[in-house]
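So that we are looking at the same thing, I have put the structure below in structure tokens.
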Protein chains: 4
Amino acid sequence: MPTNSKKKTQVTASPARRRELLDTAAEVFAAQGYNATTVRKIADRAGMLAGSLYYHFDSKESMLDEILSAFLDELWQGYDAVLAAGLGPRETIEALVTESFREIDRHRAAVAIYQKESRHLAAQPRFHYLTDSQQKFEKAWLGTLERGVSDQVFRPDLDIRLTYRFVRDTVWVAASWYRPGGQHSPEEIARQYLSMVLDGIAVRT
Amino acid sequence: MPTNSKKKTQVTASPARRRELLDTAAEVFAAQGYNATTVRKIADRAGMLAGSLYYHFDSKESMLDEILSAFLDELWQGYDAVLAAGLGPRETIEALVTESFREIDRHRAAVAIYQKESRHLAAQPRFHYLTDSQQKFEKAWLGTLERGVSDQVFRPDLDIRLTYRFVRDTVWVAASWYRPGGQHSPEEIARQYLSMVLDGIAVRT
Amino acid sequence: MPTNSKKKTQVTASPARRRELLDTAAEVFAAQGYNATTVRKIADRAGMLAGSLYYHFDSKESMLDEILSAFLDELWQGYDAVLAAGLGPRETIEALVTESFREIDRHRAAVAIYQKESRHLAAQPRFHYLTDSQQKFEKAWLGTLERGVSDQVFRPDLDIRLTYRFVRDTVWVAASWYRPGGQHSPEEIARQYLSMVLDGIAVRT
Amino acid sequence: MPTNSKKKTQVTASPARRRELLDTAAEVFAAQGYNATTVRKIADRAGMLAGSLYYHFDSKESMLDEILSAFLDELWQGYDAVLAAGLGPRETIEALVTESFREIDRHRAAVAIYQKESRHLAAQPRFHYLTDSQQKFEKAWLGTLERGVSDQVFRPDLDIRLTYRFVRDTVWVAASWYRPGGQHSPEEIARQYLSMVLDGIAVRT
DNA sequence: TATGAATGAGTTTTCATTCAT
DNA sequence: CATGAATGAAAACTCATTCAT
């Protein structure tokens with residue numbers, strides 16, 4: 001279910017080459033920011049001339065679009081599975097966090113781009129799906145946190161919205177320093193993170 | 001009293017107007033990103049023509065520079081005071097976090113810019129002080145966390161670097177949603193945040 | 001008999017200050033070229049702000065105008081005296097050359113500006129007097145050379161126009177390296193130059 | 001065969017087109033002065049838009065650079081051949097002058113630009129080679145003149161430096177009025193010029 | 001007389017995009 | 001599929017000039 005199948009996005013081209021090019025683009029977008037990235041830089045890294053990219057994509061923006069929507073599609077596949085599993089609130093949080101770090105592992109560049117650019121992109125009609133996604137996201141997390149408080153699994157004195165923001169941001173911001181293949185697996189990072197958020201860093205007195 | 005005959009823009013020139021203009025610029029940089037912000041947009045908001053800004057500043061980049069360095073100067077005044085106070089590790093963390101949220105309250109735009117742009121700016125010689133600051137920052141936090149583990153105030157099983165990153169990011173990322181004058185004071189946000197990080201969100205079993 | 005007394009060139013200002021400022025301007029125009037010279041550079045050297053110059057002059061161009069026409073006025077006073085003296089061709093040439101080096105001594109900057117800019121300035125109506133002067137100049141020199149050939153004072157095989165160009169250019173181009181107060185007086189330079197042009201640098205065989 | 005990934009403009013790109021464009025640029029620079037020449041004027045004459053020039057060159061300054069250095073390279077090829085030929089002083093002077101007028105014939109625009117702009121350009125590091133060239137030039141001429149005086153080919157009473165300056169300037173300044181394809185060939189002009197400088201314009205008494 | 005602040009027109013440069021080959 | 005050459009719109013910046021104080 002691709003997000004936009006409108007115009008004549010040349011599907012003639014081999015999807016493998018497209019993927020390669022998108023990965024390159026995502027890497028550069030993440031490193032330098034979307035606006036600061038020139039089409040020429042992407043082409044350089046891909047070993048071609050700027051104009052040649054337009055055989056594969058019809059604009060710089062559509063590359064960005066494809067990168068972000070591919071990422072969100074995969075993300076929601078994972079999230080939806082978790083949410084449909086009927087777990088308790090604590091287990092749901094654990095599963096969502098773990099799933100998030102897995103996505104960061106697989107789509108580091110896309111996540112970094114999402115972090116930096118989504119806010120101002122969301123203003124454009126073409127990227128409204130970012131807002132949609134973010135609302136779905138918020139609903140899932142807020143709901144789970146609320147359920148946890150009701151179930152007396154989470155502390156009753158929490159400011160739910162504040163907690164949500166803190167948790168959301170910390171998870172995703174990890175994309176800015178995470179390096180795949182580093183010393184920590186995504187699962188390991190998730191475990192450490194959850195231990196901090198759920199139980200705190202202070203020793204129990 | 002030599003006449004300032006260097007290329008530098010007259011710092012003599014009405015500091016009040018400069019401040020006003022820098023605040024406007026910071027607001028726009030924060031909202032749209034530095035690269036996506038045109039000099040014209042800043043001038044529009046300031047009610048002048050684009051070229052007129054160059055009477056006060058000698059480039060768009062120097063505005064950014066001044067915004068960031070003014071922020072960091074103030075930040076370190078606060079941090080240095082905390083670090084010099086000889087508090088225990090937990091109290092130090094509490095004071096640093098509180099101080100951070102206060103800075104966000106006072107320099108929201110600058111913090112947001114810092115978050116989004118510092119990584120790639122640091123590559124330029126002109127912005128090396130960002131790297132310096134970030135290293136000092138890291139030393140302060142890591143040191144405090146380590147001391148806390150030694151003193152058995154923090155849990156012995158923490159991955160210090162990972163914890164540092166989580167804590168650091170969550171604090172600063174708050175600048176992206178924080179609105180001064182909103183329902184939570186910086187101190188209130190700090191308290192909530194510290195309660196989460198120190199004691200966890202799960203109920204004690 | 002000032003060249004342009006049209007607009008309201010503020011003659012209110014003390015003529016001494018005007019002269020000072022014009023000398024400064026001429027120096028900078030000569031060193032950097034008229035176009036490359038900003039009004040700010042002139043003001044800097046004069047110890048004032050750019051806008052303040054407009055109290056004294058009504059435009060950058062009018063400063064140039066005044067510099068050049070003052071120079072030409074003086075030049076022609078000298079030249080006219082020589083031409084009216086009824087000298088023989090060789091003596092006339094000697095007197096013109098000597099007079100020229102004296103002008104270079106007194107108006108070095110103006111001469112340098114004239115050399116570099118007169119050609120393209122002459123296209124503007126305001127600077128047509130440059131063309132007039134140059135034609136008068138040409139007539140005086142060509143006439144003298146022709147008279148010299150007729151009188152068998154100069155070699156009969158000379159290409160008069162070519163000789164004129166060479167002589168004219170060498171004289172004036174000296175403004176680009178001449179430094180008043182250096183080791184050679186204008187008269188000394190004139191003597192050396194005349195000796196070369198009249199008798200050649202080769203030893204007589 | 002590494003792909004040229006530096007910032008340098010592809011020197012690979014059709015050298016013929018580059019040459020054409022540089023010739024156009026040189027013509028305009030020579031006619032109006034470098035500073036007074038806008039990139040748009042050059043583009044207009046070349047029948048393209050201003051921005052399009054940047055496909056071939058990376059700045060207006062680099063066009064100037066290329067024009068001047070190409071000229072100096074060719075000039076020194078000729079000069080070095082003359083200086084290596086082991087001629088006597090008079091013959092060396094004759095050969096250098098003739099070579100110079102040939103260069104003016106082939107690179108009129110470049111020579112004119114050199115004359116007008118080299119002095120202030122030499123201040124910029126990028127154009128230091130102008131100073132180098134000018135020093136080599138001075139050495140070659142001064143040396144030959146001195147040798148001529150020692151050999152009693154030139155008059156013993158010459159002020160060598162003064163003579164050098166006169167000779168140098170007259171030769172090059174010819175670029176400002178010389179029109180290729182006019183009635184005088186470069187060789188003819190050189191002959192007339194040499195006859196004046198070597199033997200003088202006065203009849204032998 | 002001079003300053004401080006601004007204007008507005010123009011300049012160089014950048015860059016996404018197009019398109020014939 | 002890719003290149004080479006260009007377009008055109010917009011960007012940052014410059015600078016002569018104005019004017020109230």
Inset, instruction - For A:T38, answer base if it contacts any base atom (sugar-phosphate contacts may also be present), sugar-phosphate if it contacts only those atoms, and nothing otherwise; contact means non-hydrogen atoms under 4.0 Å. - result: sugar-phosphate
Inset, instruction - Please check the phosphate of F:dA6 (OP1 and OP2 only) for any side-chain N or O of D:R17 closer than 4.0 Å. - result: yes
Legend entry - Listed nucleotide nearest any side-chain atom of A:A50, set E:dT7, E:dT17, E:dT3: E:dT17
Inset, instruction - Looking only at side-chain atoms of C:S52, point me to the closest of F:dA6, F:dT18, E:dT3. - result: E:dT3
Inset, instruction - With DNA chain F as reference, determine whether B:K60 or D:G47 sits nearer its 5' end, using the nearest nucleotide of each. - result: D:G47
Legend entry - Integer-rounded Å distance: E:dG4 P and B:L21 CG: 16 Å
Inset, instruction - Could you tell me the separation between the CE atom of D:M48 and the C1' atom of F:dA9, rounded to a whole number of Å? - result: 17 Å
Inset, instruction - Would you list the pairs meeting side chain to side chain donor-acceptor pair (under 3.5 Å) in which at least one residue belongs to residues 37-47 of chain B, sequence neighbours left out? - result: B:Q32-B:K41
Inset, instruction - Could you check A:E61 against B:G51 and say which one's nearest nucleotide on DNA chain E is further toward the 5' end? - result: B:G51
Inset, instruction - To the nearest Å, give me how far apart CG (D:L53) and P (E:dT14) are. - result: 13 Å
Legend entry - Side chain proximity check, A:E27 to A:I113, heavy atoms < 4.5 angstrom: no
Legend entry - Side-chain N or O of D:Y54 closer than 4.0 Å to phosphate OP1/OP2 of E:dT14: no
Inset, instruction - Round to the nearest Å and state the distance from A:E20 atom CD to F:dA2 atom P. - result: 10 Å
Legend entry - Separation of E:dT11 P from D:M63 CE (nearest whole Å): 15 Å
Legend entry - Pairing annotation in dot-bracket form, given for DNA chain F with Watson-Crick or G-U pairs under 3.5 Å and | for cross-strand partners: .||||||||||||||||||||
Legend entry - Side-chain H-bond candidate by donor/acceptor type, D:D65 with D:Y129, under 3.5 Å: yes
Legend entry - Ring-face cation of C:K60 near C:Y34 (centre distance under 6.0 Å, axis angle within 45°): yes
Inset, instruction - Round to a whole Å and report the spacing from CG of C:L49 to C1' of F:dT18. - result: 14 Å
Legend entry - CG-OG distance between A:L64 and A:S69, expressed to the nearest 0.5 angstrom: 9.0 Å
Legend entry - Phosphate OP1/OP2 of F:dG4 contacted by D:H56 side-chain N/O (<4.0 Å): no
Legend entry - C:S59 side-chain N/O to F:dA16 phosphate OP1/OP2 under 4.0 Å: no
Inset, instruction - Among E:dT14, E:dG4, F:dC1, find the nucleotide with the atom closest to the side chain of B:Y55. - result: E:dG4
Inset, instruction - Can you see which heavy atom on A:L130 is nearest to which on A:A122, and at what distance? - result: CD1-N, 4.4 Å
Inset, instruction - Using a 4.5 Å cut-off on heavy atoms from C-beta on, say whether the side chain of B:S176 contacts that of A:R119. - result: yes
Inset, instruction - Write down the distance between CG (C:D44) and P (F:dC15), rounded to a whole number of angstrom. - result: 12 Å
Legend entry - Side chain of B:V39 (C-beta onward), nearest among F:dA12, F:dT3, E:dT3: F:dA12
